[in-house]
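These numbers were taken from a predicted model, which means no experiment stands behind them. Just so you know, these numbers use all the heavy atoms, side chains as well, and skip hydrogens, waters and symmetry mates.
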Amino acid sequence: MNVTFYWYPKCGTCRNAKKWLEQHDATLNEVHIVENPPSRQELEELYKKSGLELKKFFNTSGMKYRELGLKDKLKNMSEAEMLDTLATDGMLIKRPITTDGSNVTVGFNEKQFEDTWK
């Protein structure tokens, strides 16, 4: 299995997800989510393929999220505004994002990985 793996190497959750994927013989195209964040268009494609709410793509535990007061602002933002905001800074994006071009997972949940990537 070949997947694109958007991650932040200092993130423990990302390291756990990477380890799981490697143990299950995945070939990873690693993308440093802060140095090379997905473009707005890429984010929109990932969001649409994921089947998740766009709010699930925000790193709600990040400092940048809190600094920008996004907890309150997201309620009134349009989809376009959310995508534009996410595209401004890789630290705003929940990680890791894993995709094979068809399937997309956001974050690391072992059961979800079992269901999607095994």
Side-chain angles (χ1 to χ4, degrees):
M1 142 185 60
N2 289 311
V3 296
T4 299
F5 185 67
Y6 293 92
W7 75 312
Y8 183 59
K10 294 180 182 176
C11 168
T13 301
C14 292
R15 289 193 306 269
N16 290 337
K18 181 179 186 226
K19 183 177 175 183
W20 189 96
L21 289 163
E22 288 172 342
Q23 288 172 343
H24 292 84
D25 299 320
T27 301
L28 304 178
N29 170 26
E30 296 176 29
V31 180
H32 193 299
I33 201 163
V34 177
E35 294 174 0
N36 298 299
S39 68
R40 186 199 186 282
Q41 181 179 348
E42 289 170 317
L43 283 164
E44 187 169 5
E45 288 172 19
L46 290 165
Y47 152 61
K48 290 189 172 169
K49 289 177 182 174
S50 75
L52 298 169
E53 281 183 81
L54 188 50
K55 291 177 184 176
K56 299 285 185 191
F57 278 76
F58 281 87
N59 177 13
T60 58
S61 60
M63 283 190 337
K64 189 81 172 180
Y65 180 87
R66 289 192 296 271
E67 283 172 14
L68 296 174
L70 290 173
K71 181 181 177 189
D72 297 322
K73 292 179 182 174
L74 282 180
K75 297 171 194 155
N76 301 314
M77 290 173 88
S78 68
E79 187 175 289
E81 289 170 322
M82 284 189 218
L83 286 165
D84 289 343
T85 301
L86 280 169
T88 65
D89 190 332
M91 291 301 279
L92 286 173
I93 304 168
K94 184 172 177 83
R95 55 193 182 257
I97 296 176
T98 309
T99 183
D100 62 3
S102 303
N103 300 299
V104 176
T105 55
V106 178
F108 176 60
N109 173 296
E110 195 161 344
K111 172 151 179 24
Q112 181 187 37
F113 267 47
E114 289 277 340
D115 293 344
T116 308
W117 305 120
K118 198 158 183 186

Measure across [X] and [Y] and return the closest heavy-atom pair with its distance rounded to 0.1 Å.
{"X": "S102", "Y": "K49", "result": "O-CB, 3.8 Å"}
{"X": "E42", "Y": "P37", "result": "OE1-O, 4.4 Å"}
{"X": "F113", "Y": "G107", "result": "CE1-O, 3.5 Å"}
{"X": "A80", "Y": "R40", "result": "CA-NH2, 3.3 Å"}

Residue pair P96 / T105, side-chain heavy-atom distance below 4.5 Å: no
Heavy-atom side-chain proximity of M1 to K118 below 4.5 angstrom: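 When only atoms from C-beta onward are counted, K118 and M1 do not touch, as no gap falls below 4.5 Å.
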Full working for side-chain contact (heavy atoms from CB on, under 4.5 Å) between K56 and V106: CA-CA 8 Å; K56 299 285 185 191; V106 178; 5.6 Å; no
Worked verdict on K94 versus T60 for side-chain contact (heavy atoms from CB on, under 4.5 Å): CA-CA 8 Å; K94 184 172 177 83; T60 58; 5.9 Å; no
Rounded at 0.5 Å granularity, tell me how far [atom1] in [X] sits from [atom2] in [Y].
{"X": "C14", "Y": "I33", "atom1": "SG", "atom2": "CD1", "result": "7.5 Å"}
{"X": "I93", "Y": "N59", "atom1": "CD1", "atom2": "CG", "result": "9.5 Å"}
{"X": "W7", "Y": "T98", "atom1": "CH2", "atom2": "OG1", "result": "11.5 Å"}
{"X": "T85", "Y": "K64", "atom1": "OG1", "atom2": "NZ", "result": "11.0 Å"}
{"X": "I97", "Y": "F5", "atom1": "CD1", "atom2": "CZ", "result": "10.5 Å"}
{"X": "D25", "Y": "L21", "atom1": "CG", "atom2": "CG", "result": "10.5 Å"}

Of all pairs that satisfy ring pair (Phe, Tyr, Trp, His ring centres under 6.0 Å), the ones with a partner from residues 25-66, not counting sequence neighbours: Y8-H32
Any residue meeting side chain to side chain contact (heavy atoms under 4.5 Å, CB included) with N103, in chain and number order, not counting sequence neighbours: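 Counting only residues at least two positions away or on another chain, N103 forms a side chain to side chain contact (heavy atoms under 4.5 Å, CB included) with D100, T116, W117.
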Listed partners of K18 passing salt bridge (Lys or Arg N to Asp or Glu O under 4.0 Å), at least two apart: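 With neighbours one apart ignored, the set is E22, E30.
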Passing candidate, side chain to side chain contact (heavy atoms under 4.5 Å, CB included) with M82, options L70, L74, L43: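 Output: one option passes, namely L74.
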Whether over 12 other heavy atoms sit under 6.0 Å from Q23 CD: yes
Path from F108 to V34 over hydrophobic side-chain contacts below 4.5 Å: no
